[in-house]
Amino acid sequence: MTQVYAVKDLAARLEERFPGSLEESDGDSLVVRAGSLLAVMAYLKDTVGLEFDYLNYITAVDYYSYFEVVYQLTSLTHNHTVVVKTRCQGRNNPSVPSVTGLWGGADFQEREIYDLMGIGFKGHPNLKRIFLWEGFPGHPLRKDFVP
Amino acid sequence: MTTTEMMTLKTEPFVLNFGPVHPSTHGVYRMRATLDGEVILDIEPVVGYLHRGIEKLAEERTFSGFIPLTDRLDYISPMSNNLAYCLAVEKLAGIKIPERGEYLRVIMAELQRLANHCVAVGSFLNDCGAYYTPFMYTFREREKIVDLFDMVCGQRLTYNYMRIGGVSQDIPEEFLPALKKLVKQLARFIEEYERLLKQNEILLARTKGVGILSRETAINCGISGPVARASGVAWDLRKADSYSVYDRFQFDIPVGEAGDSYDRYRVRIEEMRQSLRIIEQAMKDVPGGPVRAELPHLIRPPRGEAYGHLEAPKGELGFYIVSDGSIAPYRCHIRPTSLINLSALREMVKGWKVADLIAIFGSIDITMGEVDR
Amino acid sequence: MEISSDKEYIYTSSELDRQEGALIEEVKAGAGESVPDPDGWLEEDVKRNIVLTSIDMVLNWARRSSLWPVICFPACCAFEFIAAEGPRFDMSRFGMEILRASPRQADLMITAGTLTWKMAPVVRRIYNQMPEPKWVIAMGACGVSGGIFRSSYAVVPGYNKIIPVDVYVPGCPPRPEALIYAVQLLQKKIAREHPMPDPCELIPKGVKR
């Protein structure tokens, strides 16, 4: 059975390695600050014992005052998983760093989030709309979208 | 300058558009391929021609009312879609399912895997050039499986059979004897099919060594399902993150080595055999009792989020559901198996010819309903 | 030309995407009312009260017995259509066995799936490329009226916003038997058409008869 990696443990290790990178760590997911997202993700992917080499999915949720981008990582060798989140405040041009450098599968999923939620991804090689056409007014999955 | 040098043609790349209406792309899929003559330099997939906004529609429907919409995602294996969604909601709300319901779910999911692989193998061979003959053979078998589904839930394609807390209705008495007969017929059919195709020269020439996906790329891109297993990634959610009652059954996971189209085809045939094995074991011990947990008509899961996933015939299909305590999901995200599997296509086709592009694309087994949602 | 495996991703220009987007917005803006169903064949019969000539009957028989569908398979109904073409519900006994990939060689479009605004200009172009005479069967609830996805932001509420439809088949998806019944209804409709022009209309105006 895939075990959920102990979040408190991981949070302590990350605080030690990258102080100030975590926003919240109680509950069952890690909430990382957008600025240190890439460093934390690279650490999770490459460290022996963690080796989260498989990205399950990336998605985004609109919580009115902020957007939350959710990543789930799994390690195929150790069979454990963790959920990492990051938040972007405000509704005008929110953006987070892109993880396409670490996991190639993030490419299309980040384009989808940009298309449907309007969150930009810094460092993405080809950030353009994927499902809807250029010139579509707005971002449909936002809570304030009026068709 | 020698004559040979003078006569060498100067070429430059050009962009050719494939689809969205194309006889061999499975659904409305469009590619802009940069070609040098017949050789492919690069492709850019353009998707979204079937984007129906299912994730947004989820916020307007109730939790149970969304199940018919999940049928239309990967429309070749709707039972798996229903089941993945129900697993996610049950995880969120902490619902326990009665034993009979679990066994019926396993039988339906494995039958669905058989039906899906029939279509996948049939259309893959169609793309390789064997036109409609293997396609007709596999569709004949698929009709028998679909007859069983018709007996159970009255529908041939969009079953809407799984419910939150179990399945929607119990099986009639004719079901298990018909299933027993079908399992024997299918075992014989797979033997016959293999005999015709396993050592076929044309199939081997067109698929062996073609479209190789390396193990590292497969893991890095998040590929799952038969495509990943053919590349050597021995990851199957039925064993790794066991759900329902799969841990009670004995079955193997076929894993390929080379990661080429031939391995993907072989992995699917072997998976069909293993599915038959699971069905035989499940059929023997179906317990009695209710098929569905007692739940209110409008379910209100507690505030929170959950991710429920399973091994669908095409790969890992998951639903990430956020609930705010009301009768409709606050956010429902569908992990799109086929879209993620598609991200490996670029790596697989560079350097091959146009005809190989079609065969490689057929071997990944994509359904546009799942890519675009 | 050598192929290097680490060549950079060649992206087509975003100008092309913008042009396509503008085309889609144009189609969406122009699709306010439904295209009227071609029911001229009903009125003709009542108006002129002319019995079909034997040439008409032969032409109609030839046309309805060899309808060749064009491959246009957006979504789930495609599978019921393929099952109808399959070994059990054999549609080739109605002359429909060949699925033409090229619309120039087809005369029937069976719209098997949901139509989205992004796909609408493509369907219209395929319809325009089919030569006359041509017919359209709108298959499934999504084809008739948008179906279960009608309230979505990206779905066209029915194919009759974009192209004229002859036969509507409800169902989600319609069973292959329903599709075969629809084809038979279309054949009955074709049997009542007047492919030969009325001789009176061939004489140019202003000339004494």
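Numbered from 1 within each chain, the chains take letters A, B, ... in sequence-line order.
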Which atoms of [X] are under 4.5 Å from chain A, going by heavy atoms: the side chain, the backbone, both sets, or neither?
X        : result
B/Val46  : neither
B/Ile223 : backbone
B/Tyr49  : neither
B/Ser224 : both

Revision key, fill the gap. Most heavy-atom pairs under 4.5 Å with chain A, out of B/Asp247, B/Asp324, B/Leu339, belong to B/Leu339
Does the side chain of [X] reach to within under 4.5 Å of the side chain of [Y], using non-hydrogen atoms?
X        : Y        : answer
A/Leu141 : B/His333 : no
A/Thr59  : B/Arg331 : yes
A/Val70  : B/Tyr307 : no
B/Tyr320 : A/Asn56  : no
A/Tyr63  : B/Val322 : yes
A/Gln109 : B/Ile340 : yes
B/Pro45  : A/Phe108 : yes
B/His51  : A/Trp133 : no

Closest non-hydrogen atom pair between [X] and [Y], with its separation:
X        : Y        : value
B/Gly222 : A/Tyr54  : O-OH, 3.4 Å
A/Phe131 : B/Val47  : CE2-CG2, 3.9 Å
A/Gly105 : B/Ser343 : CA-OG, 4.2 Å

Under 4.5 Å from any heavy atom of chain B, what part of [X] do you find: side chain, backbone, both or neither?
X        : value
A/Leu55  : backbone
A/Ala106 : neither
A/Leu132 : side chain

Point to revise | side-chain contact (heavy atoms from CB on, under 4.5 Å), paired with A/Tyr57, selected from B/Arg335, B/His309, B/Glu316 | key: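 Checked B/Arg335, B/His309, B/Glu316 against A/Tyr57; only one passes side-chain contact (heavy atoms from CB on, under 4.5 Å): B/Arg335.
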Practice item. Keeping the roles fixed (side chain from B/Asn220, backbone from A/Asp53), state whether a donor-acceptor pair exists under 3.5 Å. Key: no
More than 12 heavy atoms of other residues, nucleotides or ligands under 6.0 Å from [atom1] of [X]: is that the case?
X        : atom1 : answer
A/Gln89  : CD    : yes
B/Arg303 : CZ    : no
A/Asp144 : CG    : yes

Review point. Between atom OG1 of A/Thr81 and atom CG of B/Asp241, what is the distance when rounded to the nearest 0.5 Å?
Key: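 Nearest 0.5 Å value for the OG1-CG distance: 8.5 Å.
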Review point. When rounded to the nearest 0.5 angstrom, what distance separates OG1 in A/Thr77 from CH2 in B/Trp235?
Key: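 Going from OG1 on A/Thr77 over to CH2 on B/Trp235, the span is 9.0 Å.
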Review point. Any Lys/Arg nitrogen of A/Glu112 or B/Arg373 sitting under 4.0 Å from an Asp/Glu carboxylate oxygen of the other?
Key: yes
Revision key, fill the gap. Answer key: most heavy-atom pairs under 4.5 Å with chain B among A/Leu116, A/Asp115, A/Asn79, A/Val83 is A/Asn79
Check your understanding: With respect to chain B, which residue among A/Ile58, A/Leu102, A/Leu76 yields the maximal number of heavy-atom pairs within a distance under 4.5 Å?
Key -> A/Leu76
Exercise for review: Could you give me the CA-CA distance, side-chain angles and deciding distance for A/Arg111 and B/Glu44, then say whether salt bridge (Lys or Arg N to Asp or Glu O under 4.0 Å) is met?
Suggested key: CA-CA 14 Å; A/Arg111 275 177 70 180; B/Glu44 181 195 349; 5.2 Å; no
